[in-house]
Structure formats: structure tokens, C-alpha cells
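Here is the structure we will look at.
In this text the structure is predicted, and so the values were computed from the model without any measurement.
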Amino acid sequence: MLDFPRWKTWLVALTVIVGVLFSVPSFLPEKILAQLPSALQAQINLGLDLSGGSHILLEADVKDVEKQRLENMEETVRTEMRRGDPKIAIGDISRRGGKLSFMVRDGSQVDAAVERLRSLTQGAGMTGQRDWNVEVVDSTTIVLTPTSSGLDAAVESAMEVATEVIRKRIDEMGTKEPTIIRQGANRIVVQVPGLQNPEALKSLLGKTAKLEFKLVDITADPAELAAGRAPVGSQILPYPTNPAGVPYIAVKRQVMISGDQLIDAQQGYDQQNNEPVVNIRFDGAGGRKFARVTTENVNKPFAIILDGTVLSAPNINEPILGGSAQVSGSFTVASANELAIALRSGKLPVALTVVEERTVGPDLGADSIRKGMLACVIATTAVLVFMLVTYGRFGLYANIALIVNIFLIIGVMAIFNATLTLPGIAGFVLTIGAAVDANVLINERIREEQRRGRGIIQTIEVGYKEASRAIFDANITNVIAAALMFYFGSGPIRGFAVVLTIGIVTSVFTAVTVSRLLVSLWLRKRPAKLVI
């Protein structure tokens, strides 16, 4: 138990040295840190409650998911009816009542149409229910009804994608260590430390960035549009910058091309008037489709639509080849760059609205750090004095192990680029007490063996061996509790659980291994008498 071969001694020493080296950068200012090798620049990040920043709670619009499912299924139905052999002629598709309904012109093709549509439906998770119900009404009318299980699965999928899109957008802003987590079925919590002005963040995260190109319906009657009625197959969209002075325009429902096929978007300037624009580039398939559509519709206007609002409606003077286009619409440099970021990161699959926001000032965070550090210093000092007075030389070894433990916790957190929150500081202080508990168990066990009259070597060896069992058992239960807090908790609770888990692992290592190594080195002098 007390036998430390040379390789084991060097391994323990190397572990301690590495931990200390990685902990030091967290105490250095940015200027000195920048001069260190990149491998030693890892630091602990401060959470929102310590460094200040912005907290935003976003909520998904479930009705928007329903609307998009209807739009996507409508387009899929049209494509499927045209694509098959033979083609199935259908009438206009209605979305009334949240359902899709249409008439099959040839009654003999109703069964074939139903078979094609049922092949488009799929199971909704583990419920055994389909995501769409297909029914025949009045012998020639087919009705597709979305199921609740299908909607739930669609919302879950949309929220997963939305979380990743938000993460990409925030990363594009250059912010450091944001916290982006799901809350409930349709909410996302976003915390960005160091960001004191949340307005730009709210604008960016709230932008769906759904970019579409549609043909303008030039046959629409202005009187009908003024009454809010669009021709069959068209829709009325807001057009705030309409040169005609009318704040709306009629466009075809069918999408010529969408932003899903974008591979790049950059803020630029119009070569003719030097106004800020967004230059976009499509992938190979999107570029070919854009070229084909513009070739077939020369001398016709088309609308550039972002999140349901028409930005501009230029005329197609000639085919647009090369897979590139330009989005204009009274942008500023900031708004054009914001749109470019949103388009590059992908569109949000669901509209998100801000339901809660708050800003934590840096002064409050600094005050929390001061009080947290004061608590750490007082707790550590009190523990060091108690151990030294109570156990003498063995208390000194326990104190050395405790100090090493503090550096190891900071070093491990820096290596994993972990974020320290105010509850994390509480976990840090709690870990200090837990680390000393192990040494108290060991020292008290050694005292018991000493009173039994055992020899020096045997007393210490039995003390460490017997106490280690209780130490491991106690700390395993603590790790289980921390793991449950991390799994079921969120935000500050997770921060507490992370620091507590790291502290438990390092405290067991320092209390059992480091202190035992120190005792082993001392025993090599073979003292004549053991006093503890």
C-alpha cells in the first residue's frame, strides 16, 4: 500500500505538474495569456452570473409548424400527382380547416391517388400512428388530415434543428461560450456572457431567414387585392418598399427556388448605386434550377421574399446564370450583415419569439466573484489551520494535498473549457470540505491502529487501506447525485454538478494518492516513533 515505485512517483508528480500548469492561465490577464503557447491558453470561462451578459428565452410558434407542414405537403402532393405514371389530374388544393383537400378529376384514379399519398405518410415516433390521415370524401375528394402525433414529432424535429441554427448564428457573432439549451417542448434558453446589448441578438435570433423567390402575379386585379382577395394559386404579401406606393403585392404560391439551396451569403455593395446588399450563391442543383426558372420567365417580375415580406420585385431582364444572385431591399450595412449571417447559418424551421429577456451587468458579476473568492479563501484558511493543529505532520500533508486539489480542479475545468457560475463557486467550496473529509477518515483510522499497538508501517498502511474503502463508497454516492443533478437540471444546477463532480474525482486522487505519496517519502527516513 505504501510502496511507490519510481515510475508511479513520477506519474503522480507529472499529473500534479500538468494540472498546475493548466490552472495558471485562468489567473493571468489577457495580454500575458496571448504570449503563451496555444496549448496553455485554455481558461475557465465565467458564466452569465459572473461576467454579466444577456439571457433570452425563446418560444416556438407551434401554429407556424402546422402551417409549414401544410405548405410542404401541398407542394409534395402536386409533385407526386404529376410525377407518377400515369399522371393524375387534380383540382385546386384547399387548406381550409388545417387540412388539405382536393378533387381528383378522373374518378377512376382515386384509388391510385390514395395509394401514392399513403406512401408519403410515415409513422410518428413510437406511437404507431401515421403523421397524416388520408381519407376519401364524396367519392372524388381526398382529404389529408395532420395527426397530433405527427405534429408533436414535427415540433420536436423543428426544435432540434432550431437549437443548432441558433448555435451557428451566435458562433458567427464571435461570442464566447454561449449557453444554448432546450427548456420544455417548445422553448430554448440562450445565455451569452459578456454581451450587454441584447437588441442585436434578439433581432438575429428572431429572424427566421426563410428566403424564397416567387413570380409576381401580374394578372391580379388591383381592386380585388385591395379587398384582400388574391387570384387562385396566388397570395398577397406585404411589400413595404413597393415603388407603386401600395404596401402589398400578389405573388404565385409556388416557390421558384428557396434559401435551402444556399451555400454562401455575404454582405456587399450594389455596383450601380453602392447601396448595401447581400450576395448569395446557390449549390449546383439550386444554381441550375435558378437558371432554368429565370430563362423560362424573361421579362417577368419576380419577388424576393424574406420571412413572408417582399424585399424587392425586380424584373428578369435576362437569364441569371452562374448560381449567384443579389438580395436588395433598403439595407444598412449592419442589417445586410445580419441577414447574411442568418442565411449562412440556415433558416429556422419554426418562428421563435422572445418571451423573457434580462441583462446581467458586469458590476453585479464582479461583486459575485469578490464574495465567492472571499468565501473560498475563508473556507480554505479555516480548513488548513484546523488540519494543521489537529493532525500535525499528517495535517500538513493533508493541507498540501488540499492545495494541489484546488489547482487540479481549476486545471481540469480549463482543459475542458468549462464555464464557472456562481453555483459552481458553491460547489467549489463544498469540494474543499469533501476533500478534507477523506484525510480526516484516514488520519482517524491511523490513530485507531496506533492505539492498538501496531508498528509504524503497518499502522499507516492499514489506516490508508481501511479508510480508502469508506472514501470510495461515500464519493461514489456523491458522483451519482451530481450526475442526476446534471441530467435533470439546467443552467446553474448543471454548473454546480460539473464542479462538484470534478472536485470529487480530484479530491479522491489527492487525498488518497498524493498524501500517501508524501507519507511514503517521509517513511523512507524510518522515524523511530509515530505521533499523530
Side-chain touch Pro301/Ile218, heavy atoms, less than 4.5 angstrom: yes

Closest non-hydrogen atom pair between Ala265 and Ile280, with its separation: CB-CG2, 4.1 Å

Heavy atoms from other residues, nucleotides or ligands near NZ of Lys67 exceed 12 (cutoff 6.0 Å): no

Gln266 vs Asp264, side-chain hydrogen bond (donor to acceptor under 3.5 Å, both in side chains): CA-CA, chis, key distance, verdict: CA-CA 7 Å; Gln266 297 290 337; Asp264 192 26; 3.2 Å; yes

Donor-acceptor under 3.5 Å (Asp138 side chain, Thr140 main chain): no

Ring geometry between Phe282 and Phe213 (parallel below 30°, tilted from 30 to 60°, perpendicular above 60°): perpendicular

Within-4.5 Å side-chain heavy-atom neighbours: Pro146 and Trp132: yes

Straight-line distance of Phe302 CZ to Asn315 CG, nearest 0.5 Å: 9.0 Å

Arg95: partners by salt bridge (charged side-chain N to carboxylate O under 4.0 Å, His left out), with sequence neighbours left out: Glu71, Glu74

Pairwise side-chain contact, Asp61 with Thr353, heavy-atom cut-off 4.5 Å (strictly under): no

Intermediate values then yes/no, side chain to side chain contact (heavy atoms under 4.5 Å, CB included), Glu135 and Thr145: CA-CA 8 Å; Glu135 300 174 302; Thr145 306; 4.3 Å; yes

Heavy-atom check, side chain of Ile236 versus side chain of Ile249, under 4.5 Å: no

From Ile166 atom CD1 to Glu164 atom CD, the distance as rounded to the nearest 0.5 Å: 10.0 Å

Test item: Tyr487 side-chain N/O and Ala482 main-chain N/O as donor-acceptor pair under 3.5 Å: no

Nearest heavy atoms of Leu237 and Gly308, plus distance in Å: CD2-O, 3.7 Å

Side chain to side chain contact (heavy atoms under 4.5 Å, CB included) partner of Leu100, chosen from Ile93, Val143, Thr76: Ile93

Trace of the salt bridge (charged side-chain N to carboxylate O under 4.0 Å, His left out) decision for Arg116 with Glu80: CA-CA 7 Å; Arg116 291 188 191 180; Glu80 192 65 24; 5.4 Å; no

Side chains of Ile88 and Asp106 in contact at under 4.5 Å (non-hydrogen atoms): no

Thr241 side-chain N/O to Leu311 backbone N/O, donor-acceptor pair under 3.5 Å: yes

Leu352 versus Ala60, closest heavy-atom pair with distance: CD2-CA, 3.6 Å

Asn274 side, atom CG; Asp270 side, atom CG - distance, nearest 0.5 Å: 8.0 Å

Residues Asp64 and Gln68: side-chain donor-acceptor under 3.5 angstrom: yes

CG on Asn297 to CZ on Arg292, rounded to 0.5 Å: 9.5 Å

Min side-chain heavy-atom separation Ile142-Phe102 under 4.5 Å: yes

Nearest non-hydrogen partners of Val110 and Ser139, listed with the distance: CG2-O, 3.4 Å

Residues Asn299, Ile316; criterion side chain to side chain contact (heavy atoms under 4.5 Å, CB included); working and verdict: CA-CA 5 Å; Asn299 296 324; Ile316 304 175; over 6 Å; no

Leu57 side chain reached by Gln183 side chain, heavy atoms, under 4.5 Å: yes

Expected output: side-chain Ser312 to main-chain Pro314 donor-acceptor under 3.5 Å: no

Thr163 side-chain N/O to Met159 backbone N/O, donor-acceptor pair under 3.5 Å: yes

Inter-residue atom distance Leu70.CG - Leu144.CG, 0.5 Å rounding: 9.5 Å

Distance in Å, Arg187 CZ paired with Glu59 CD, rounded so as to fall on 0.5 Å steps: 4.5 Å

Val77 vs Leu117 side-chain heavy atoms within contact, under 4.5 Å: yes

For the student: nearest non-hydrogen atoms of Gly150 and Arg69, plus distance: C-NH1, 3.7 Å

Asn133 to Thr147 - nearest heavy-atom pair and separation: ND2-CG2, 3.5 Å

Check against side chain to side chain contact (heavy atoms under 4.5 Å, CB included), Leu21 and Val24: CA-CA 6 Å; Leu21 284 177; Val24 170; 5.7 Å; no

Arg182/Glu156 ion pair, N-O < 4.0 Å: yes

Main-chain N/O of Ala291 paired with Thr294 side-chain donor or acceptor, under 3.5 Å: yes

Stepwise side chain to side chain contact (heavy atoms under 4.5 Å, CB included) test for Leu215 and Val251: CA-CA 6 Å; Leu215 288 174; Val251 300; over 6 Å; no

Side-chain H-bond candidate by donor/acceptor type, Lys252 with Gln235, under 3.5 Å: no

Side-chain H-bond candidate by donor/acceptor type, Asp307 with Thr309, under 3.5 Å: no

